Amino acid sequence: MRRISIFGATGSIGQSTIDLIARRPEAFDVVALSGGANIAQLAHDARRLNADIAITAYENRLDMLREALDGTGIEAAAGAKALTEAAARPADWVMSAIVGAAGLAPGLEALKQGATLGLANKETLVCAGSLVLRTAEAHNARLLPVDSEHSAVFQALVGEDMSAVERIIITASGGAFRDWPLKDLQSATLEQASSHPNWNMGQRITIDSASMFNKALEVIETREYFRVEPDQIEVLIHPESMIHALVGFRDGALMAHLGAPDMRHAIGYALNWPERTDLPVERLDLAKIGQLNFRAPDLARYPALRLARDVMDRGGLSGAVFNAAKERALDAFIAKRIGFLAMADVVEAVLDRFETRSDLIDAEMTLDNVEKTDHLARVWADEVMTQQAG
Ligand code: NDP
Ligand code: MG
């Protein structure tokens with residue numbers, strides 16, 4: 001039996017992960033499950049999977065969770081500290097599927113105990129890539145990508161030497177507004193940004209797909225995970241979301257990874273790695289699909305992609321700044337306090353401020369420094385938004 005923990009179990013990725021392990025209950029021993037506000041779902045899954053402990057991110061929900069688990073013998077805990085403590089419990093495989101920078105600390109803790117970490121939480125690598133890789137190496141832990149593009153690249157690289165890689169191409173559907181005239185984006189609403197043409201995902205990543213902030217994070221994630229140079233990474237608009245990524249080799253060969261847009265493929269690959277086993281995902285019928293389309297992304301339309309290039313050039317803590325500012329701007333868009341296009345303006349203004357802080361630019365990448373910088377960037381983002389509103 002493999003001991004498994006799932007952080008962000010109540011979310012879109014967490015539920016897909018549970019769907020896979022619930023099909024083979026005899027193979028897994030569930031240690032910890034975490035959630036946020038959705039206590040009913042967390043308690044339901046903790047009961048049916050007989051977890052050792054369930055943790056909610058919110059301390060004011062602990063009583064509710066305790067009540068929902070009453071009589072089961074399953075421990076209940078709450079808060080950020082309880083999350084990292086639960087991640088330190090011995091497990092063989094851990095899913096990192098919390099949304100946002102809050103996923104970083106539990107992920108690091110899981111690596112410290114030598115677990116294999118399935119990484120859906122791309123913010124972990126964006127905020128603290130070198131720290132995460134260093135931690136994994138020091139503790140002999142393995143990091144497996146779960147983001148579909150990165151899982152695709154990982155699979156295309158099996159048996160290959162990185163020195164033979166010329167470029168990595170990650171695809172993007174283009175999100176909800178890919179066919180909108182640029183001038184209409186100004187007035188795009190929350191409801192319009194919250195629906196994705198191909199993928200069924202959490203609300204935040206769905207909006208990030210429409211703005212391409214998701215792809216911007218993924219470009220940085222590619223750089224951090226595969227250690228390639230920024231100019232080796234390309235983004236390609238591919239509206240059908242069937243090819244998830246391609247790897248180009250020195251001899252001109254391009255290896256593409258195709259699959260139905262269903263996250264259970266990438267999750268299952270990481271869960272079963274290094275083996276492949278049956279997965280309940282749709283098989284592509286290419287004759288029926290007929291054609292696949294591609295086009296280059298328009299950088300004027302997607303400033304997030306330009307900003308990601310700046311972050312890769314700067315390195316260090318700039319990824320943490322970029323992500324934190326994006327999270328705050330996204331919070332404000334979801335609260336209908338700023339418009340769709342204003343999100344990128346906020347992030348750019350916060351990155352400009354970072355450029356004036358040589359103390360932060362030169363700071364060492366430790367969890368403490370990442371968290372302090374993340375906090376500061378959120379304060380700056382709020383200040384920028386107050387200024388813009390005034
Ligand atoms: P969801 O919003 O669906 O789920 C997020 C999970 O994190 C939920 O369990 C939520 O709890 C919990 N959570 C929210 N805030 C906090 C917090 N502050 N501290 C601890 N836990 C918290 O997100 P997704 O599943 O869509 O995405 C999860 C991660 O995976 C993200 O990093 C995303 O970028 C990445 N990803 C997602 C893909 C997808 O298809 N969805 C594809 C590739 C990557 P609750 O809901 O109970 O409040
Ligand atoms: Mg992705």
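Order of appearance sets the numbers: ligands from 1, and atoms from 1 within every ligand. When reading the values below, keep in mind they use all heavy atoms of this one structure, side chains included, and skip hydrogens, waters and symmetry mates. All values reported here derive from a predicted model rather than from experimental measurement.
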Exercise for the section: Decide if the gap between the ring center of H244 and the ring center of W199 is smaller than 6.0 angstrom. Expected result: yes
Problem - Qualifying residue, where the test is side-chain contact (heavy atoms from CB on, under 4.5 Å) with T135 and the options are L133, L131, V132 - result: L131
Exercise for the section: Salt-bridge test for R89 and D52: reply yes if a basic N is under 4.0 Å from a carboxylate O, no otherwise. Expected result: no
Completion exercise
Note: I205, heavy atoms under 4.0 Å from ligand 1, region reported as side chain
Problem - Distance filter under 4.0 Å to N121 heavy atoms, resulting ligand 1 atoms - result: 32 (O)
Handout entry: Numbering as shown, the atoms of ligand 1 that approach M263 to under 4.0 Å (heavy-atom distance)
Key = 40 (O), 42 (C), 43 (C)
Handout entry: Heavy-atom nearest option to atom 6 (C) of ligand 1, drawn from A97, G14, S96
Key = A97
Exercise for the section: Measure the distance from atom 34 (O) of ligand 1 to every protein heavy atom, then report the residue, atom name and distance (to 0.1 Å) of the closest one. Expected result: K122 CE, 3.2 Å
Exercise for the section: Could you pull out, from A120, G8, G11, the option with a heavy atom nearest to atom 4 (O) of ligand 1? Expected result: G11
Completion exercise
heavy-atom search around atom 48 (O) of ligand 1 in the protein gives A37 N, 2.8 Å
Problem - Polar contact flag for G100 and ligand 1 (N/O pairs, less than 3.5 Å) - result: no
Completion exercise
The protein heavy atom nearest to atom 14 (C) of ligand 1 is V99 CG1, 3.8 Å
Problem - Distance-only N or O hit between ligand 1 and T10, under 3.5 Å - result: yes
Exercise for the section: Flag the pair R309 and D313 as a salt bridge only when some basic side-chain nitrogen lies within less than 4.0 angstrom of an acidic carboxylate oxygen. Expected result: no
Practice task
Check E218 and report its N/O/S atom nearest to the Mg ion (ligand 2), by atom name.
Solution key: OE2
Handout entry: Nearest-neighbour protein heavy atom for atom 43 (C) of ligand 1, which is reported as residue plus atom name and distance
Key = D147 OD1, 3.1 Å
Handout entry: Proximal ligand 1 atoms for M201, defined as those under 4.0 Å from one of its heavy atoms
Key = 39 (C), 40 (O), 41 (N)
Handout entry: Exercise: do N198 and S173 side chains pair donor with acceptor under 3.5 Å
Key = no
Exercise for the section: Considering only NZ, NE, NH1 and NH2 on the basic side and carboxylate oxygens on the acidic side, decide whether R3 and D29 come within less than 4.0 Å. Expected result: no
Practice task
Please check if any side-chain donor atom of E218 sits under 3.5 Å from a side-chain acceptor atom of T222, or the reverse.
Solution key: no
Handout entry: Nitrogen or oxygen atoms of S12 and ligand 1 under 3.5 Å apart
Key = yes
Exercise for the section: Starting from the Mg ion (ligand 2), look over the N/O/S atoms of E149 and name the nearest one. Expected result: OE1
Problem - ligand 1 atoms in contact with A102 (distance to a heavy atom under 4.0 Å) - result: 17 (C), 18 (N), 19 (N)
Exercise for the section: Return yes if a side-chain donor-acceptor contact under 3.5 Å exists between K122 and N323, otherwise no. Expected result: no
Handout entry: Protein residue, atom and distance nearest to atom 19 (N) of ligand 1, heavy-atom basis
Key = A57 CB, 3.4 Å
Problem - Closest protein heavy atom to atom 16 (C) of ligand 1, given as residue, atom name and distance to 0.1 Å - result: Y58 OH, 4.0 Å
Practice task
Looking only at protein heavy atoms, identify the closest one to atom 11 (O) of ligand 1 and say how far it is in Å.
Solution key: G36 N, 2.9 Å
Exercise for the section: Take the angle between the ring planes of H257 and H265 and call it parallel below 30°, perpendicular above 60°, tilted in between. Expected result: tilted
Handout entry: ligand 1 to E123 polar contact by distance, N or O atoms, under 3.5 Å
Key = yes
Handout entry: Shortest-distance N/O/S atom, D147 versus the Mg ion (ligand 2)
Key = OD1
Handout entry: Ring centers of F213, F322 separated by less than 6.0 Å
Key = yes
Problem - Pair Q41-D45, side-chain donor/acceptor within less than 3.5 Å - result: yes
Problem - Atom indices of ligand 1 within 4.0 angstrom of G202 heavy atoms, with elements - result: 3 (O), 26 (O), 41 (N)
Exercise for the section: May I ask you to list the atoms of ligand 1 that are less than 4.0 angstrom from any heavy atom of I13? Expected result: 25 (O), 30 (O), 37 (C), 38 (C), 39 (C), 40 (O), 41 (N), 42 (C)
Problem - For atom 22 (C) of ligand 1, the protein heavy atom that lies nearest, with its residue and separation - result: I98 CG2, 3.8 Å
Problem - Residues R134 and E137 bridged, charged N to O under 4.0 Å - result: no
Practice task
Would you check whether N38 has a nitrogen or oxygen atom less than 3.5 angstrom from a nitrogen or oxygen atom of ligand 1?
Solution key: yes
Problem - Donor-acceptor under 3.5 Å (T206 side chain, G202 main chain) - result: yes
Practice task
For S163 and D161, test the side chains for any donor-to-acceptor distance below 3.5 angstrom and give the result as yes or no.
Solution key: yes
Exercise for the section: Report whether L33 and Y58 are members of the same hydrophobic cluster (ILVMFWY, side-chain heavy atoms less than 4.5 Å apart, transitive linking). Expected result: no
